[in-house]
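Right, one structure below, let's go through it.
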Amino acid sequence: MKKLLVVLVSILCIGFVCADVGVDINIHPVGYMNHTIFTKWDNANTLVGSAPGYDVSIYGGSDPTSTESYNMYTLGLDVTYQYYYGAISFGIPFKAPAFSGYDPTQYATDPLWKACTDPNGSILGTVLMDIQLGGGATFLKKLPINIFVGGGIAINYLHAKQASQKSAWGLFSFTDPNVHLTSLAQVRDITQMGLGVRASVNYKFMKNVGVSLTLSDSILPLLLSTKRQLVGKVNTGQKVTAKPNAATEQLVNQAMENEKKLIKMRFSNNFALRLGVQISF
């Protein structure tokens with residue numbers, strides 16, 4: 001039975017290679033990605049005007065803003081069929097994102113809650129996924145080198161995890177003296193949608209095999225969801241989460257409960273440059 005399956009798969013693969021069905025598969029194991037998030041926070045909902053430590057001279061009573069930028073290693077897969085394409089890229093950051101501007105957790109009155117953010121904390125576990133679905137056209141089809149240009153819908157998901165300062169571990173207490181924290185991190189999940197463009201230069205050194213250099217850019221003005229949590233792990237392997245006091249930690253509580261209410265506008269841009277191989281069927 002196994003031999004029969006191997007023979008059938010081999011015949012199918014040979015048939016795809018021999019038949020010109022117009023499918024190009026680009027596999028990119030090497031690449032660079034930059035993901036930048038710009039957020040305008042709602043001054044009315046964030047209560048920053050009355051929050052401890054709020055400096056009116058910085059924001060002048062207007063909506064505060066923040067910018068964070070991730071530089072990432074990326075790999076991806078693109079499939080093009082005639083005029084249509086689908087592309088997916090995964091990004092893993094080299095280091096902690098560059099951040100500037102307003103952060104609601106930094107207006108906590110309790111220093112333990114303030115310590116849940118650490119700009120230099122480990123980002124192990126952070127991953128980004130960018131998907132594009134659209135259409136385009138291939139130019140110079142009959143030459144060894146060809147160019148594909150297209151555009152379509154883009155969907156982007158960021159799972160950002162950054163270790164908290166050690167002092168924030170004091171937010172947790174356990175009745176069992178044998179149970180203790182082993183790690184604590186601020187975890188954010190952001191999903192956005194928008195439009196994307198994709199261009200690739202492909203050079204065939206064999207009839208059906210070549211190299212591919214692909215550039216993609218996703219512009220993401222639509223915020224679908226955003227979530228922020230403080231997640232810890234104990235020595236027994238279980239996960240625990242901390243919730244701030246709604247009365248004394250208003251901003252942090254809002255950020256953890258429903259961060260989307262605090263945001264007036266969030267715009268992101270995802271740029272990726274990837275190198276790999278192209279296989280044509």
Side-chain angles (χ1 to χ4, degrees), residues 9-38 67 69-94 97-98 127-158 190-222 224 267-281:
V9 171
S10 300
I11 293 172
L12 185 61
C13 290
I14 292 170
F16 268 116
V17 171
C18 294
D20 184 10
V21 295
V23 176
D24 293 323
I25 298 176
N26 293 11
I27 303 169
H28 300 108
V30 180
Y32 164 78
M33 175 186 287
N34 175 267
H35 186 75
T36 301
I37 305 171
F38 174 81
T67 303
S69 181
Y70 294 82
N71 290 307
M72 303 183 172
Y73 162 78
T74 185
L75 68 162
L77 175 70
D78 301 357
V79 178
T80 305
Y81 174 66
Q82 295 181 357
Y83 302 105
Y84 308 100
Y85 79 91
I88 183 168
S89 300
F90 295 96
I92 302 171
F94 301 125
V127 65
L128 182 144
M129 179 175 65
D130 189 75
I131 298 173
Q132 288 189 16
L133 297 171
T138 302
F139 301 92
L140 309 175
K141 282 185 179 182
K142 296 183 179 180
L143 297 179
I145 186 168
N146 64 74
I147 300 171
F148 177 88
V149 179
I153 295 172
I155 299 174
N156 187 282
Y157 170 70
L158 172 66
I190 302 171
T191 305
Q192 292 182 265
M193 189 173 180
L195 299 176
V197 293
R198 173 180 173 268
S200 65
V201 179
N202 313 292
Y203 174 72
K204 294 278 181 39
F205 53 81
M206 294 175 61
K207 182 181 178 182
N208 298 98
V209 181
V211 294
S212 172
L213 179 65
T214 300
L215 179 152
S216 62
D217 193 74
S218 297
I219 300 170
L220 307 153
L222 181 59
L224 300 181
F267 172 89
S268 296
N269 179 251
N270 183 275
F271 169 82
L273 185 64
R274 295 169 289 145
L275 179 66
V277 297
Q278 183 183 73
I279 303 172
S280 301
F281 299 102

Next on the checklist: As a quick check of understanding, evaluate side chain to side chain contact (heavy atoms under 4.5 Å, CB included) for Tyr70 and Leu158, giving each step before the final call.
Outcome noted: CA-CA 11 Å; Tyr70 294 82; Leu158 172 66; 4.0 Å; yes
Checklist entry - At what distance, to the nearest 0.5 angstrom, does CG of Asn269 lie from OG of Ser218? => result 8.0 Å
Checklist entry - Does the side chain to side chain contact (heavy atoms under 4.5 Å, CB included) test come out yes or no for Ser69 and His35, once each step is laid out? => result CA-CA 6 Å; Ser69 181; His35 186 75; over 6 Å; no
Next on the checklist: To the nearest 0.5 Å, what is the distance between CZ on Phe148 and OG1 on Thr214?
Outcome noted: 10.0 Å
Item to check | Residue from Ile131, Leu220, Ile153 passing side chain to side chain contact (heavy atoms under 4.5 Å, CB included) with Met193 | outcome: Ile153
Item to check | Rounded distance [0.5 Å steps], OH in Tyr81 versus CG in Asp24 | outcome: 12.0 Å
Checklist entry - Just by distance, do the side chain of Asn208 and the backbone of Ser280 share a donor-acceptor pair under 3.5 Å? => result yes
Next on the checklist: For a 4.5 angstrom cut-off between non-hydrogen side-chain atoms, does Thr80 reach Arg198?
Outcome noted: yes
Checklist entry - Do Asn202 and Ser212 have side-chain N/O donor and acceptor atoms under 3.5 Å apart? => result yes
Checklist entry - Does a side chain donor of either Gln278 or Asn26 reach within less than 3.5 Å of an acceptor in the other side chain? => result yes
Checklist entry - Distance-only, no hydrogens or angles: does the Gln132 side chain make a donor-acceptor pair with backbone N or O of Ala154 under 3.5 Å? => result no
Item to check | Sole candidate of Leu224, Asp130, Ile190 that passes side chain to side chain contact (heavy atoms under 4.5 Å, CB included) when paired with Asn156 | outcome: Asp130
Next on the checklist: Quick check: closest heavy atoms across Phe139 and Asn146, and the distance to 0.1 Å?
Outcome noted: O-CB, 3.2 Å
Next on the checklist: Can you tell me if Tyr73 has over 12 outside heavy atoms packed within less than 6.0 Å of its OH?
Outcome noted: yes
Checklist outcome for this item: One should read off an interatomic distance between Leu75 CG and Phe90 CZ, to the nearest 0.5 angstrom, of 7.5 Å
Item to check | Pairing of Asp78 and Arg274 as salt bridge, 4.0 angstrom limit | outcome: yes
Next on the checklist: Within this structure, what is the CD1-CD1 distance for the pair Ile155 and Ile88, rounded to the nearest 0.5 Å?
Outcome noted: 10.5 Å
Item to check | Parallel, tilted or perpendicular, as decided by the 30° and 60° cut-offs, for the rings of Phe94 and Tyr32 | outcome: parallel
Next on the checklist: Evaluate Ser268 against Asn270 for side chain to side chain donor-acceptor pair (under 3.5 Å), listing each step before the verdict.
Outcome noted: CA-CA 7 Å; Ser268 296; Asn270 183 275; over 6 Å; no
Checklist entry - Side chains of Ser89 and Thr74: closer than 4.5 Å at any heavy-atom pair? => result yes
Next on the checklist: With side chain to side chain contact (heavy atoms under 4.5 Å, CB included) as the criterion, how do Ile92 and Met72 come out once you've worked through the C-alpha distance, each side chain's angles and the decisive distance to 0.1 Å?
Outcome noted: CA-CA 5 Å; Ile92 302 171; Met72 303 183 172; 5.7 Å; no
Item to check | side chain to side chain contact (heavy atoms under 4.5 Å, CB included) between Leu128 and Met33, intermediate numbers included | outcome: CA-CA 10 Å; Leu128 182 144; Met33 175 186 287; 3.5 Å; yes
